[in-house]
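Below is one structure, written out as structure tokens; the observations come after it.
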Amino acid sequence: MVAITNYSDALHRQAVIELWNAVFGYETAHNTPGLAIDKKLAVADGLFFVALTDNEVVGTVLAGYDGHRGWLYAVAVHPSHRRKGVGVQLVRHAEHALTLQGCMKINLQIVSINASVQAFYESVGYSTEPRISMGKKIDSNITG
Ligand SMILES: CC(C)(COP(=O)(O)OP(=O)(O)OC[C@H]1O[C@@H](n2cnc3c(N)ncnc32)[C@H](O)[C@@H]1OP(=O)(O)O)[C@@H](O)C(=O)NCCC(=O)NCCS
């Protein structure tokens, strides 16, 4: 039985850091789990969720809404809990929260080599759009 609930820093921080390190294997400072968590909590938008099984963190999703688009980030399920519908539950939960805030369209990015993740998102109704994704780091804010 999986429950999706709001992230609690007191209860879930260490488990989320371990999950993200295991699943994403970060190489870039701006994605360091502890820093990413702190930055998300500072926004206090209530769009950070964890999936729990027997009170253990088995998955995460971050969402964001800027008044124009909703975004999904850090959709992750622990390898030992995959293909049981946890990922779908996380995405549906985040979509519902974004919908309640008035969001009209949800976007997400996946690294281009991740074909299985593309199949996952297609299974929950997302399609590939012809876009070129660009980004720029703000180095002065990348400190933990
Ligand atoms: C992508 C991810 C979140 C999916 O989580 P999950 O809990 O295993 O997904 P679900 O069980 O809800 O899968 C739902 C459907 O998605 C599709 N799907 C999921 N994983 C898939 C895979 N590896 N290959 C092909 N299709 C897949 C299937 O259609 C699946 O339904 P089915 O199991 O009945 O066939 C998980 O594999 C993961 O954490 N991957 C690494 C992290 C990552 O890359 N996240 C995305 C960042 S943008």
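When a ligand or atom number is given, it counts from 1 through the structure's own listing order.
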Looking at every heavy atom in both L72 and A63, which two are closest together, and how far apart are they?
CD2-CB, 4.1 Å

At their closest point, which heavy atom of L108 faces which heavy atom of I110, and how far apart are they?
CD1-CG2, 3.9 Å

Atom-level proximity to ligand 1, residues with heavy atom under 4.0 Å
V23, F24, V75, A76, V77, R82, R83, K84, G85, V86, G87, V88, Q109, I110, N114, S116, V117, A119, F120, Y121, S123

Is the shortest distance from a Lys or Arg side-chain nitrogen in K105 or E129 to a carboxylate oxygen in the other one below 4.0 Å?
yes

Non-neighbouring partners of R69 that pass salt bridge (Lys or Arg N to Asp or Glu O under 4.0 Å), sequence neighbours left out
none

For T128 and Q118, which I'm curious about, is there any donor-acceptor pair between the side chains at under 3.5 Å?
yes

Residues D9 and K40 bridged, charged N to O under 4.0 Å
no

